[in-house]
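Following: one structure in structure tokens, then a few remarks.
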Amino acid sequence: MNYWLLKSEPGSFSIDDLARAPRKTTCWDGVRNYQARNMIRDDMKKGDLAFYYHSNCEVPGVVGVVEIVREAYPDHTAFDPEDHHFDPKSDPENPRWFMVDVKLVEKFSRVVSLRELKEYADGKLAGFRLLAKGNRLSVMPVSSAQWKFIRSLSKGK
DNA sequence: GCCAACGTTGGC
DNA sequence: GCCAACGTTGGC
């Protein structure tokens, strides 16, 4: 089983939006980066767990856990000219972008903020992709050691 | 294949 | 709102 981190802007779709969604499940649409696409398409498996990360907001950080409940399938929002994520270079015959479905497992009782995670950049979280300079990936792998550590932070304080 | 211009991301 | 970092595009 693999662990992941998924970024979402809470202004667009927050963990509370997910909590209110039918079956607490949503399709993770709108990924338009090839590295992220490849991980979604090739490496994300049903049953994998992912941190839900709020980006571009007042307190960026990890806010909960989701489970991958459906493996990669074409991101249909790329086919819709009305959609914000429309990409004319993707078509149903030869889809360029993919998405998975995720289900809410747990919303943390507190935010594990980016600021807090950075405190461990040279220790427990050395090498964590999220903390790498200039990192902009919206989907990234998390090692099991990193997972356990961040999970323990969420339960502390 | 190079690289400048441009758009996006995302912390602050 | 600013701006640095990065990815993509397209002319050559």
What N/O pairs connect the protein and nucleotides 8-12 of chain B at under 3.5 Å? Give each pair on its own line.
unit_1  : atom_1 : unit_2    : atom_2 : d
dG10(B) : OP1    : Lys7(A)   : NZ     : 2.8
dG10(B) : OP1    : Arg136(A) : O      : 2.8
dG11(B) : OP1    : Tyr53(A)  : OH     : 2.7
dG11(B) : OP2    : Asn56(A)  : N      : 2.8
dC12(B) : OP1    : Lys118(A) : NZ     : 2.4

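- For residues 4-32 of chain A, every residue pair satisfying the ring-ring contact (aromatic ring centres under 6.0 Å, His included) rule, not counting sequence neighbours, is listed here: Trp28(A)-Tyr52(A).
- A donor-acceptor distance shorter than 3.5 angstrom exists from the side chain of Asp48(A) to the backbone of Lys45(A), with no hydrogens or angles considered.
- When the P atom of dG7(C) is taken as reference, atom CG of Asn38(A) falls 13 Å away, rounded to whole Å.
- Atom NE2 in His85(A) sits about 15 Å away from atom C1' in dG7(B), given to the nearest Å.
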Any protein N or O atoms within reach of nucleotides 3-5 of chain B? Criterion: under 3.5 Å, listing atom names and distances.
none

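- Using modelled atom types, one side-chain atom of Arg37(A) and one backbone atom of Arg96(A) make a donor-acceptor pair closer than 3.5 Å.
- The side chain to side chain donor-acceptor pair (under 3.5 Å) contacts involving residues 54-70 of chain A comprise Glu9(A)-Asn56(A), where partners must be two or more places apart or lie in separate chains.
- With Ser152(A) contributing its side chain and Phe149(A) its backbone, the two residues share a donor-acceptor pair below 3.5 Å.
- In this structure, Arg32(A) and Asp75(A) have side chains that are in contact, with non-hydrogen atoms separated by less than 4.5 Å.
- Residues passing the ring pair (Phe, Tyr, Trp, His ring centres under 6.0 Å) test with Tyr3(A), sequence neighbours excluded: Trp147(A).
- Applying the ring-ring contact (aromatic ring centres under 6.0 Å, His included) test to every pair with at least one member in residues 58-84 of chain A, sequence neighbours left out, gives no pairs at all.
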